Number of protein chains: 2
Amino acid sequence: MSKSGETRNYIMQKSFDLIYQKGYQATSIDDIISTTNVTKGAFFYHFKSKEQMGLGLISELLYPNLYDKMIKPLENSTDPVTDLYKMMEMLLNDKGFFNVEYGCPAINLIEEMSPISNLFKTALSKLVSTWHDAIVSAVRSAQSTALVKPHVSPEEVAVMIISGYGGVRTLGKVMGRDAYKTYLSGLKSYLIKL
Amino acid sequence: MSKSGETRNYIMQKSFDLIYQKGYQATSIDDIISTTNVTKGAFFYHFKSKEQMGLGLISELLYPNLYDKMIKPLENSTDPVTDLYKMMEMLLNDKGFFNVEYGCPAINLIEEMSPISNLFKTALSKLVSTWHDAIVSAVRSAQSTALVKPHVSPEEVAVMIISGYGGVRTLGKVMGRDAYKTYLSGLKSYLIKL
DNA sequence: ATTTAAAGATACTATTTGGTATGTTTTTAG
DNA sequence: CTAAAAACATACCAAATAGTATCTTTAAAT
């Protein structure tokens with residue numbers, strides 16, 4: 001990677017961390033340049049505005065990372081119900097990318113930015129609908145092998161799981177990891193009955 | 001009510017609306033005084049700081065309102081499972097206090113403020129644990145009348161319902177009211193199987 | 001090695017921020 | 001009615017904000 005490319009990536013990674021912890025609007029460019037030791041000139045050379053950097057963060061960092069964690073585990077699955085649980089378990093137990101205190105960076109951005117920026121909303125809703133569709137496919141696939149009852153609505157399951165995930169990330173912010181643990185056991189009961 | 005009390009309430013109500021729509025940190029005191037036509041002198045006469053006003057908002061406006069909507073419907077219930085569904089239905093269909101675009105003011109504040117302010121976190125976690133305990137009681141009560149199977153964990157159900165609620169409020173921000181509708185039908189299936 | 005463009009550094013700006021100091025006007029109590 | 005306190009108004013402030021203008025340095029190609 002070129003030196004310039006490295007600088008750009010470094011800015012993005014550090015910005016991602018700061019925004020994850022403090023929120024997008026609460027993270028100032030001065031915050032970013034002081035924690036990166038990159039100058040303002042360099043920042044605005046690589047990004048024409050804070051907004052463009054934020055949108056880049058979503059498409060270049062958030063989306064690929066979450067695609068691996070949320071969608072990939074559901075692809076080519078022979079036992080989708082088990083895989084849905086495992087996906088959630090891996091997400092909630094991943095202490096590298098996530099921190100209970102700060103929740104999920106995608107949920108945080110949806111909460112903060114969707115109501116006030118259509119650009120952010122559009123970028124973030126792509127992630128949500130990709131996940132949604134992957135869950136729907138997984139449930140349909142489970143129905144085709146009779147692992148899930150035919151009368152179950154895959155869309156309903158998708159909304160239940162996505163909502164559960166988003167909500168437990170919020171709940172974790174005030175209740176800590178206990179919320180994750182309890183949710184996982186609740187999810188297991190839920191999935192078994194499908 | 002005294003004139004002074006009215007001014008205070010008016011500031012709080014308008015601040016609540018602004019914060020609900022834009023977020024706490026993104027709402028400036030100048031925003032508040034310009035939409036209320038109250039001067040900065042009046043604002044700082046009634047509240048020693050923006051933070052105190054925000055905390056007052058939680059205890060004086062948010063808590064009482066949500067207590068009525070979340071906890072009261074579960075009190076002295078003869079059919080707690082039905083009442084849990086109705087509580088959620090009323091919450092999600094309430095277009096007076098809530099707006100799909102902006103989600104739930106409590107969830108928004110938890111998301112934004114919990115990680116960066118212990119005062120906010122403490123105030124908000126009271127609301128969450130009160131709701132949690134009310135749901136646990138309702139499920140226990142349903143078990144005592146054999147409306148819910150005895151092996152079901154009430155705490156698990158509480159976390160599932162609170163998470164589902166918080167998550168669907170987030171999901172609604174990007175997907176609109178369809179998310180609410182689908183979630184409600186998923187919740188019904190879930191509750192029936194308890 | 002020299003030129004040229006890319007990459008980065010520095011200093012500035014106009015606006016907005018939460019908050020204060022110091023007023024003036026209303027209420028209220030005697 | 002009058003004194004005093006409560007309620008509100010105005011003008012300010014230092015810090016922080018996103019962004020720009022203008023440099024200097026570094027890298028690449030000839």
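Note on naming: letters A, B, ... go to the chains in the order of the sequence lines (proteins, then strands), and numbering restarts at 1 for each one. Keep in mind the model is a prediction, meaning the values are calculated, not measured.
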S.K.: Should the heavy atoms of other residues, nucleotides or ligands under 6.0 Å from NZ of B:Lys14 be counted, would the total exceed 12?
M.R.: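 Incorrect, the count does not exceed 12.
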
S.K.: Write down the distance between OH (A:Tyr10) and C1' (C:dG8), rounded to a whole number of angstrom.
M.R.: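 Computing the A:Tyr10:OH to C:dG8:C1' distance gives 15 Å.
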
S.K.: If you count heavy atoms of other groups shown closer than 6.0 angstrom to NZ of B:Lys22, is the number above 12?
M.R.: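 Above 12, so yes.
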
S.K.: Using a cut-off of less than 4.0 Å, is there contact between a side-chain N or O of A:His46 and OP1 or OP2 of C:dA6?
M.R.: no

S.K.: Flag the pair B:Lys173 and A:Glu111 as a salt bridge only when some basic side-chain nitrogen lies within less than 4.0 angstrom of an acidic carboxylate oxygen.
M.R.: yes

S.K.: Report yes if the side chains of B:Met175 and B:Tyr180 come closer than 4.5 Å at any heavy-atom pair, otherwise no.
M.R.: no

S.K.: Expressed as a whole number of angstroms, how long is the span from B:Gln25:CD to D:dT17:P?
M.R.: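 The answer, rounded to whole Å, is 11 Å.
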
S.K.: Hydrophobic clusters here meaning ILVMFWY residues chained together by side-chain heavy-atom distances under 4.5 Å, can you tell me if B:Leu171 and A:Val136 are in one?
M.R.: no

S.K.: Please confirm whether A:Arg169 makes a cation-pi placement over A:Phe98, using NZ or CZ under 6.0 Å from the six-membered ring centre and within 45° of the ring normal.
M.R.: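 Pair A:Arg169/A:Phe98 counts as cation-pi.
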
S.K.: Examine the side chains of B:Glu156 and A:Thr182 and answer whether a donor and an acceptor come within less than 3.5 Å of each other.
M.R.: no

S.K.: Pull out every protein N or O sitting under 3.5 Å from an N or O of nucleotides 19-21 of chain C, one pair per line with the distance.
M.R.:
{"from": "C:dG19", "atom 1": "OP2", "to": "B:Lys50", "atom 2": "N", "distance (Å)": "3.0"}
{"from": "C:dG19", "atom 1": "N7", "to": "B:Lys40", "atom 2": "NZ", "distance (Å)": "3.4"}
{"from": "C:dG19", "atom 1": "O6", "to": "B:Lys40", "atom 2": "NZ", "distance (Å)": "2.9"}

S.K.: Specify the separation, in whole Å, of atom CZ of B:Phe47 and atom C1' of D:dA6.
M.R.: 16 Å

S.K.: So, is A:Ser28 close to the D:dT17 phosphate, meaning a side-chain N or O under 4.0 Å from OP1 or OP2?
M.R.: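 So the side-chain polar atoms of A:Ser28 do come within 4.0 Å of the phosphate oxygens OP1 or OP2 of D:dT17, strictly under.
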
S.K.: Provide, to the nearest angstrom, the distance between the CD atom belonging to A:Gln52 and the C1' atom belonging to D:dG19.
M.R.: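 Checked: the CD to C1' distance equals 14 Å.
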
S.K.: If you look at every strand shown and take non-hydrogen atoms under 4.0 Å, does B:Thr39 touch a base, only sugar-phosphate, or nothing?
M.R.: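 Base, at least one base heavy atom under 4.0 Å.
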
S.K.: How does each nucleotide of nucleotides 23-28 of chain C score, in 5' to 3' order, for protein heavy atoms under 4.0 Å: base (B), sugar-phosphate only (S), or none (-)?
M.R.: ------

S.K.: Output yes when a side-chain donor or acceptor of B:Lys50 lies under 3.5 Å from a complementary backbone atom of B:Tyr24, and no otherwise.
M.R.: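 Yes; at least one donor-acceptor contact below 3.5 Å.
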
